[in-house]
**Q** 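Dumping the structure here so I can ask a few things about it.
Numbering of residues begins at 1 and proceeds along the displayed sequence.
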Amino acid sequence: MEHIQALLDQAPELAMTYGMKVIFAIIIFLVGKYISNVVKKVTTKLMTNRKIDQTVTSFVANLAWAVVFVFTIIATLGQIGVQTASLVAVIGAAGLAVGLALQGSLSNFAAGVLMVLFRPCRVGDYIEAAGIAGTVDEITIFSTKLRTPDNKVIIAPNSAIMNGTITNYSAMDKRRVDLVIGVSYDADIALTKKVLTEILDNNQYVLKDPAYTVALNELGASSIDFVVRPWVKGGDYWAAKFELMEQIKNALDANNIGIPYPQMDIHVKELPAAK
C-alpha cells in the first residue's frame, strides 16, 4: 500500500514530466515534417531556377526530404527518452540483415542514382522499357512514374528499367516514319513513285533535311512493295504518319493505282447426279 501511495503521490509530477516530453516530441515531429517539406520545395525551386534538368531536380529534392525526415524521427525518439545513440548502433549492427531483406529496395535506389547520373531518359521523354511504354513523369528514389498515351499511370521499379533495354523515342529531335506501301502488279511503277514523291514534297510535316526515301523494295507474293521513309520532328511523328497514310490512299485511288488485298477464290464443281 505504501508503494502504491508513493506512486500516486508522484503521479502529477510524472504526468507533468513525461507529458511535456510527449508534447515536445509531437511538436518536434510536426515541425520536422514541415521543414522536410520546405526543404523539398526550396531545393526544387533553387535547382529549377538554375535550369538544372528536371530529372535531377526531382531526385535530389526527394532525397533531401528523406534525409531531413529521418533526422526528424531520430530527434522525436530522443525527446521521449529513447537512447538514439544506442538506436543508431543497433541499426548499424542490423544493417547487414536489413540490407539483405531490402536488397530489392536498395537496388532500386542504386538504379535511381544511375538513372540520374547517366540520364538514359529524362522527365518528358517517351520511352519503352521493362515491357511498358509511356512518358516519364517523375523519377523518384525507388521508382519511375510513366504516363501512357491513354492517360494511365504506371509506376515501375528503377531496377527493372535500368536492368533492361531502354528505347528512348524522344532522345533525338528527328524521327523517320517507315511506311510500306503495296500496289498491284498492274500498276505503273514510275507513276506510283511520282505520286508518292509528290505527297512527301507537299506534306506539312516532312522535313527537307535529311532527305526522304521512296523506292521499290520488294516484289511480294501479291503486291509490289514500295518503302516510303520521310523524316519528321519527333513531336510530329504520329500526326505525320496518320496524315501520310490518308493522303497516300486518296492519291493512289485518284490515279487508279490499285492496292491489293487478300482474296479467296472458291471453285464449285458439280457432283454427278445420283443414279
**Q** Begin with the C-alpha distance, continue with both residues' side-chain angles, and end with the deciding distance and a verdict on side chain to side chain contact (heavy atoms under 4.5 Å, CB included) for L146 and V153.
**A** CA-CA 6 Å; L146 301 178; V153 174; over 6 Å; no
**Q** Using a 4.5 Å cut-off on heavy atoms from C-beta on, say whether the side chain of W231 contacts that of V206.
**A**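 Answer no - side chains too far apart.
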**Q** For a 4.5 angstrom cut-off between non-hydrogen side-chain atoms, does S223 reach P260?
**A**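 Yes, their side chains come closer than 4.5 Å.
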**Q** Looking only at non-hydrogen atoms, find the nearest pair between T135 and G124 and report the distance.
**A**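 Between these two residues, the closest heavy atoms are CG2-O, 3.6 Å.
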**Q** Any donor-acceptor pair under 3.5 Å linking the side-chain atoms of N168 with those of D125?
**A**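 Short answer, yes.
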**Q** Do T148 and N151 have side chains that approach each other closer than 4.5 Å (heavy atoms only, starting at C-beta)?
**A**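 T148 does not reach N151 side chain to side chain.
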**Q** Apply the test side chain to side chain contact (heavy atoms under 4.5 Å, CB included) to residues N62 and K40: give CA-CA distance (whole Å), side-chain angles for both, the deciding distance (0.1 Å), then the verdict.
**A** CA-CA 7 Å; N62 282 298; K40 181 178 180 180; 3.2 Å; yes
**Q** Measure across I73 and F29 and return the closest heavy-atom pair with its distance rounded to 0.1 Å.
**A**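 So the two residues come closest at CD1-CE1, 3.7 Å.
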**Q** Do the side chains of D137 and K145 get close enough for a salt bridge, i.e. N-O under 4.0 angstrom?
**A**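 Salt bridge flag = no for K145 with D137.
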**Q** Nearest 0.5 Å, what's the CD1-CG distance between I224 and D188?
**A**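 So the gap between those two atoms works out to 9.5 Å.
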**Q** Give the intermediate values and the outcome of side chain to side chain contact (heavy atoms under 4.5 Å, CB included) for residues V180 and N217.
**A** CA-CA 9 Å; V180 177; N217 181 58; 5.7 Å; no
**Q** I want to check something: taking the side chain as every heavy atom from C-beta on, are T213 and V228 in contact at a cut-off of under 4.5 Å?
**A**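 The answer is no, as the side chains (C-beta and beyond) never meet within the 4.5 Å cut-off.
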**Q** To the nearest 0.5 Å, tell me how far N203 CG sits from I248 CD1.
**A**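 With rounding to 0.5 Å, CG (N203) is 9.0 Å from CD1 (I248).
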**Q** With side chains defined as the heavy atoms from C-beta onward, is the minimum distance between V177 and Y237 less than 4.5 Å?
**A**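 Yes, side chains in contact.
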**Q** For D225 and I181, run side chain to side chain contact (heavy atoms under 4.5 Å, CB included): C-alpha distance rounded to whole Å, both residues' side-chain angles, the deciding distance at 0.1 Å, then the answer.
**A** CA-CA 6 Å; D225 296 333; I181 306 300; over 6 Å; no
**Q** Rounded at 0.5 Å granularity, tell me how far CD1 in I155 sits from CD in E138.
**A**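 If I round to the nearest 0.5 Å, the distance is 9.0 Å.
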**Q** Would you compute the distance between atom CD1 of I154 and atom CZ of R147 and round it to the nearest 0.5 angstrom?
**A**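 That separation rounds to 11.5 Å.
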**Q** Applying a strict under-4.5 Å side-chain criterion to I, L, V, M, F, W and Y, I'd like to know whether F226 and I259 cluster together.
**A**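 They do share one cluster, since a chain of ILVMFWY contacts under 4.5 Å joins F226 to I259.
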**Q** Sort and list the pairs that fulfil ring pair (Phe, Tyr, Trp, His ring centres under 6.0 Å) and have at least one residue in residues 148-186, not counting sequence neighbours.
**A**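 Ring pair (Phe, Tyr, Trp, His ring centres under 6.0 Å) check on residues 148-186 returns Y126-Y169.
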**Q** Report yes or no: do T144 and N158 form a side-chain donor-acceptor pair below 3.5 Å?
**A**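 On atom types as modelled, these side chains qualify, holding a pair under 3.5 Å.
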**Q** How long is the straight-line distance from CD of E243 back to CG of D236, given to the nearest 0.5 Å?
**A**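 The distance works out to 10.0 Å.
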**Q** Got L179 and V227 here, is their nearest side-chain heavy-atom distance under 4.5 Å?
**A**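 SC-SC contact between L179 and V227 ruled out.
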**Q** Taking L191 as the starting point, is it possible to reach V214 by hopping between hydrophobic residues whose side chains are less than 4.5 Å apart?
**A**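 They do share one cluster, since a chain of ILVMFWY contacts under 4.5 Å joins V214 to L191.
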**Q** Write down the atom of S159, the atom of N108, and the distance for their closest heavy-atom approach.
**A**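 Looks like OG-OD1, 2.5 Å.
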**Q** Might you point out which heavy atoms bring A111 and M162 nearest each other, and give the distance in Å?
**A**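 Distance-wise, the nearest heavy atoms are O-CG, 3.7 Å.
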**Q** Do F69 and K33 have side chains that get closer than 4.5 Å, going by heavy atoms?
**A**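 Yes, side chains in contact.
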**Q** Closest approach of A156 and I132, non-hydrogen atoms and distance?
**A**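 Looks like CB-CD1, 3.8 Å.
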**Q** Do M172 and Y212 sit in the same hydrophobic cluster, where Ile, Leu, Val, Met, Phe, Trp and Tyr count as joined when their side-chain heavy atoms come under 4.5 Å apart?
**A**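 The answer is no; the residues belong to distinct hydrophobic clusters.
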**Q** Please tell me whether I28 and Y34 are part of a single hydrophobic cluster in this structure, the criterion being side-chain heavy atoms less than 4.5 Å apart.
**A**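 Each belongs to a different hydrophobic cluster.
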**Q** Establish whether L30 and W65 are linked, either directly or via other cluster members, by ILVMFWY side-chain heavy-atom contacts under 4.5 Å.
**A**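 Yes.
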**Q** Provide the closest heavy-atom pair for T72 versus G32 in the form atom of the first, atom of the second, distance.
**A**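 Minimum heavy-atom separation between T72 and G32: OG1-CA, 3.3 Å.
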**Q** Can you tell me how far apart NZ (K194) and CD1 (I189) are? Round to the nearest 0.5 Å.
**A**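 Between K194 NZ and I189 CD1, I get 16.0 Å after rounding to 0.5 Å.
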**Q** Is there a side-chain contact between L207 and K174 in this structure, where contact means two heavy atoms from C-beta onward sitting under 4.5 Å apart?
**A**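 Yes, close enough: below the 4.5 Å cut-off.
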